[in-house]
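Taking it in order: structure first as structure tokens, then the write-up.
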Amino acid sequence: MNFRKELINHSLMTETIDQHQEGKRDVTFRVFRFNPQVDSKPYFDDYTISAERGITVLRSLNYIKEHVDATLSFRAFCQAGICGSCGMRVNGISKLACTSQVWEELDKCREPGIIKVEPLRSLPMIKDLIVDMDPLVDKMKRYSNWINSTMPLAEMGKKEFLVSEEEFHRYDKATDCILCASCVSECSILRANKEYVSPAVLLKSYRMNVDSRDSIHDVRLAELVKDHGVWDCTHCYRCQESCVKSIPIMEAIHAIREDALECRGPKDTSGAKHAEAFMEDIEKKGKLVEATLPIRTNGMVWTLRNLLPMAMKMIVKRRTPPPPPLVKSSKGIKIFRAMFREMTEHVKQDHQKSHKK
Amino acid sequence: MKPFDIVIVGGGGAGLYAAMEAMKTNPALNIAVLSKVYPNRSHTSAAQGGANAALGNKAKDDTIEMHIFDTIKGSDYLADQDAVEVLCSEAPKIIRELENIGTPWSRLDDNTIAQRPFGGAGRPRCCYCADKTGHTILQTLYEQCLRKGVIFFNEYFALNLAVNGSRSRGLIAMNMKSGRVEAFPAKTVIFATGGYAKMYWNRSSNAAGNTGDGQAIAYRAGIPMKDMEFVQFHPTGLRKSGLLVTEGARGEGGYLINKDGERFMARYAKEKMELGPRDLVSRSIETEILEGRGFESPAGKYVHLDLRHLGADLIKSRLPQIREMSLNFEGVDPIEEPIPVRPTAHYSMGGIDTDNFGRTVMDGVYAAGECACVSVHGANRLGGNSLLDILVFGRIAGHTAAEEAGKFEPGTISEEEIRVSAEELRHRMQPSGHYERYGALREELGQTLALNAGIFRESSLLHKGIEDIAELKERFKKVRVFDSSDVFNTNLMQVLELKNMLDLAETVAVGALAREESRGSHTRIDFPVRDDEKWHKHTLATLVDGKVLPGEKPVTMGRYELQERTY
């Protein structure tokens, strides 16, 4: 269940709450401001208000907009955690303002009593806390984030597909996604490469690819394995940690990769080759043979063309990784290999179970 | 801009289905969807329960006929029976179509679409996807629209229709990102902007943007509104935000308690207690508060929904969403404290008067969904029929507009018209001497509506309400927009939304005053019974010379004779 266990601060709960005079605390909201029409660069404005227990960050921003500064701009719609409009960074973490408690945030402030509010990262700024969502929509289109039904047009609406409860559970959690873009903002790859597919779009792609009603699994997968696609993820898990709906996004990303290896083979793309080379080293030596990893991933020509200057510098600075013969197997490698084989066998079996199509 | 064949205003369930169906009907048409939010943010996403359709998956003996009867009875016989027949007959087809294009419905053991029982329905016919049905339907429709290449104008705020006599030439709207006023000349316009229940402001469960924009634009263009007085209240909204605590809380055995510690439902429904029908429980809570037995707080009066006796385990396992909401929006853990609740405006049955094909009285203007009043819900909507309504009639409106677009000449909108609209906006942003705060007006509007045109209505209260609204409209003239920026001016947008709510609020209060009977969601203390002889008809509200002109329209009857509505 999607529930935060440490939701209540017990020291606050023990205070006696009079129904007429609930506890109040002074809070300063340090809000990111930027109006492209007049500002050459962003700055922060401080707004101090008195916040009672139970008040959310969004309600506070609404209060500030109504009573203090009408120019403060942010998006908000349902105010109940389902529409995904009010994604923003509160105390540095991307989340929904409408489901964030002010008193809880007070315990997470870097400077006591000051809650920092900033726009989501990795999406173009529009004004104050508002960012442009169009790049995300464009990616949903590029990666065909829709079902292309196997039902012929003439048959539409006449009968149901029969879908097992088991299949439903495969994509149930993924369909919780409200596209709030918190994961987009937290993703460490996107911060370096704006063209990267992005976690939300990978999640949606996964959801479509495991749906038996869909007919373009292969087309979608072919797009996903290209540059800026599924192999670019570095498993930092920040998307999953910040997901406001507690969706296991990384599991979806892993599943796409496994699917890609299975359907398209290990020689498909540099991402697949990299994963394969990685596995090979671990199985053989228990550690990586870094010197040859780029060659096995991207080929000799690419490596010479792209990494030669860096390799020269490494040689000069004596930072080159040891050549393969000098990479000795890790201690206890025999036991490790047995464990490794058992593990990969398990994964294979699980995989076959969940991907019977 | 090149004239469009169809401009759809609103990107929720009705608008997106209309777009999809119009493209299917005639792929050569030039279609645009305008929305003041990204379509996936629309309030369709908040519908948890499900959509009714007599699929017969769960109860094999369910029939379309039974669905029709339940809907008509639920409407307190005010729904048009031919419209209800369309709604219920199309239901199985539309649910299957959604299934075919990817909606992740929950499933039964035989792998068919799952169905569950719902209030007022004789059979379990509500199709659902866990507690996120509206969300998944909206996602599916948005995905399919992206697939088909529907042209979206996201974050455009609709301002007004360009009209020539009895025919529309298109729409004028503001691009939020640039602040520019832009023209959308079009052969046809479909309004699908959702409901107007947010006019009850913090006494409403609706999204901040459910301000009846489409209805207000149509109303100002002279198109009649129908049955505006019918607004459904849900018994248990959270005190501060009006957000819904679903019926599940009472279903699992929660108590409603007043400030004297009484389980007051014993006074109103001895047997069913907290599980009485929605309107009865709402009226009971409101009575307790009005008679001084409610709790008081700066955020308003309320009663307690007490779950503590159910125990931490049950609350955590069966009511996790309710606990999370209560913690997030009231700062109250229902395991340790009762939840402060009061009735909250939840759904608007009234809307733009349309026929069964989505047509309004104006050539080239159509409406669908909560924005329209066909009418299929009459005086009271059944749970599970709102999602169905937007799907069925969104699709019909899209189809009709696509078929009829060819009949109309392409509209043109002059530079002068655009300039006038822009000038009006600019005028609001000029600093002046004394000014009013839009936030205060918005709150006062909600308060006066809740008090005078809310759950209990009465002649003197409604007169007071109408006076208040007139005064607020006067004060609105002095509302000042402080944000002078062209880029994403949410201050300006909220002021324009307030104007829409004020215009519509008048029709709600006037309709409620005219209707001297109690029917469905409309309860008159001074006229406590249903009066079929005088009031078995729809009310209309048309704007003539700046005033509401009341009118009426007969109810289309069919197979079902008038009966008393008892459960």
Side-chain angles (χ1 to χ4, degrees), chain A residues 1 3 7-8 13 19-20 22 35-38 53-56 65-67 70-71 73-74 76-85 99 101 103 126-127 130 133 137 140-141 144-149 151 156-165 168 171-172 175-176 178-179 211 213-214, chain B residues 37-38 40-43 45-46 93-94 96-97 99-102 104 106-107 109-113 129-130 132 135-136 139-140 143-144 146-147 177 207-209 240-241 243 295-297 316 320 323-325 327-333 336 437 439 481-483 485-491:
Chain A
M1 267 291 135
F3 200 80
L7 217 48
I8 317 152
M13 287 294 300
Q19 54 161 307
H20 290 285
E22 294 189 308
N35 175 359
Q37 269 188 309
V38 288
R53 188 174 72 116
I55 222 82
T56 59
K65 187 170 179 66
E66 272 182 37
H67 297 268
T71 68
S73 303
F74 50 93
F77 199 64
C78 80
Q79 328 213 32
I82 188 66
C83 81
S85 297
T99 55
Q101 285 286 313
W103 282 28
I126 293 180
K127 182 186 183 187
I130 299 170
M133 290 287 168
V137 178
M140 285 166 61
K141 287 192 214 167
S144 309
N145 277 187
W146 47 70
I147 294 292
N148 204 331
S149 184
M151 185 72 75
M156 284 275 179
K158 291 187 183 153
K159 59 174 189 223
E160 297 174 27
F161 285 108
L162 295 179
V163 174
S164 65
E165 188 73 10
F168 170 74
Y171 48 69
D172 178 20
T175 60
D176 282 356
I178 56 173
L179 295 168
D211 195 316
R213 297 169 290 186
D214 175 60
Chain B
V37 293
Y38 278 84
N40 52 308
R41 310 289 185 219
S42 307
H43 204 47
S45 64
K93 197 175 145 203
I94 208 134
R96 287 190 196 114
E97 190 168 293
E99 194 276 344
N100 293 167
I101 57 175
S106 291
R107 299 286 168 163
D109 288 341
D110 66 356
N111 297 348
T112 57
I113 296 170
C129 168
K132 53 179 174 181
H135 163 71
T136 55
Q139 293 285 332
T140 306
E143 287 153 14
Q144 292 300 316
L146 291 180
R147 176 169 87 91
K177 273 182 199 161
K240 285 178 188 158
S241 53
L243 296 174
F295 298 88
E296 289 192 28
S297 76
K316 281 183 192 164
R323 180 167 180 238
E324 191 175 347
M325 272 189 50
L327 282 162
N328 280 339
F329 302 111
E330 287 286 344
V332 163
D333 185 349
E336 298 174 34
R437 281 194 312 110
V481 176
F482 284 88
D483 192 344
S485 159
D486 293 323
V487 181
F488 227 101
N489 194 333
T490 49
N491 186 191

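Predicted model only: the values in this text are computed from it and were never measured. A, B, ... follow the sequence lines: proteins, then strands. Residue 1 opens every chain.
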Taking every heavy-atom pair that is under 4.5 Å apart, which of [options] has the most such pairs with chain A?
| options | result |
| --- | --- |
| B:Ile94, B:Thr136, B:Thr112 | B:Thr112 |
| B:Val481, B:Ile113, B:Asp109, B:Val37 | B:Ile113 |
| B:Glu97, B:Lys93, B:His135 | B:His135 |
| B:Ser241, B:Ser485, B:Ala130 | B:Ser485 |
| B:Gly439, B:Ser45, B:Ala46 | B:Ser45 |

Checking heavy atoms, do the side chain of [X], its backbone, both or neither come under 4.5 Å from chain B?
| X | value |
| --- | --- |
| A:Met140 | side chain |
| A:Phe77 | both |
| A:Asn145 | backbone |
| A:Asp172 | both |
| A:Phe168 | side chain |

TODO: Kindly write out the residues that satisfy side chain to side chain donor-acceptor pair (under 3.5 Å) with B:Asp483, not counting sequence neighbours, or none if the list is empty.
DONE: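 If we apply the side chain to side chain donor-acceptor pair (under 3.5 Å) test to B:Asp483, skipping adjacent residues, the hits are A:Lys127.
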
TODO: Would you please name every residue forming a side chain to side chain donor-acceptor pair (under 3.5 Å) with B:Thr490, sequence neighbours left out?
DONE: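 B:Thr490: side chain to side chain donor-acceptor pair (under 3.5 Å) contacts with A:Lys65.
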
Do you know which of [options] has the most heavy-atom pairs with chain B at a distance under 4.5 angstrom?
| options | result |
| --- | --- |
| A:Gly84, A:Ala76, A:Gly81 | A:Gly84 |
| A:Ser149, A:Ala70, A:Pro36, A:Ser144 | A:Ala70 |
| A:Met156, A:Gln37, A:Met151 | A:Gln37 |

Task: Under 3.5 Å donor-acceptor, A:Ser73 side chain and A:Thr71 backbone - done: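 Yes.
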
Open item on the list: Tell me whether A:Asn148 contacts the main-chain N or O of A:Asp214 through its side chain, where contact means a donor paired with an acceptor under 3.5 Å.
Closed with: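 Checked: no pair found.
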
Task: Atom of B:Gln144, atom of A:Trp146 and distance for their closest heavy-atom approach - done: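 So the minimum-distance heavy-atom pair works out to NE2-CB, 4.2 Å.
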
If I measure from the heavy atoms of chain A, does [X] come under 4.5 Å with its side chain, its backbone, both, or neither?
| X | result |
| --- | --- |
| B:Phe488 | both |
| B:Leu243 | side chain |
| B:Glu99 | both |
| B:Ser42 | backbone |
| B:Arg437 | side chain |

Open item on the list: Using the side chain to side chain contact (heavy atoms under 4.5 Å, CB included) definition, which of the options A:Val163, A:Thr175, A:Asp211, A:Ile147 pairs with B:Pro104?
Closed with: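 That would be A:Thr175.
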
- [ ] Check whether any side-chain heavy atom of A:Leu179 sits under 4.5 Å from a side-chain heavy atom of A:Met133, and report yes or no.
- [x]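 No, too far: nothing below the 4.5 Å cut-off.
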
Taking atom [atom1] of [X] and atom [atom2] of [Y], what is their separation to the nearest 0.5 Å?
| X | Y | atom1 | atom2 | value |
| --- | --- | --- | --- | --- |
| B:Thr140 | B:Asn100 | OG1 | CG | 11.5 Å |
| B:Asn40 | A:Ile178 | CG | CD1 | 9.5 Å |
| A:Gln79 | B:Phe329 | CD | CZ | 8.5 Å |

Task: Basic-acidic side-chain contact under 4.0 Å: B:Asp486, B:Lys177 - done: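 Between B:Lys177 and B:Asp486 there is no salt bridge, as every charged N stays at least 4.0 Å from the carboxylate O atoms.
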
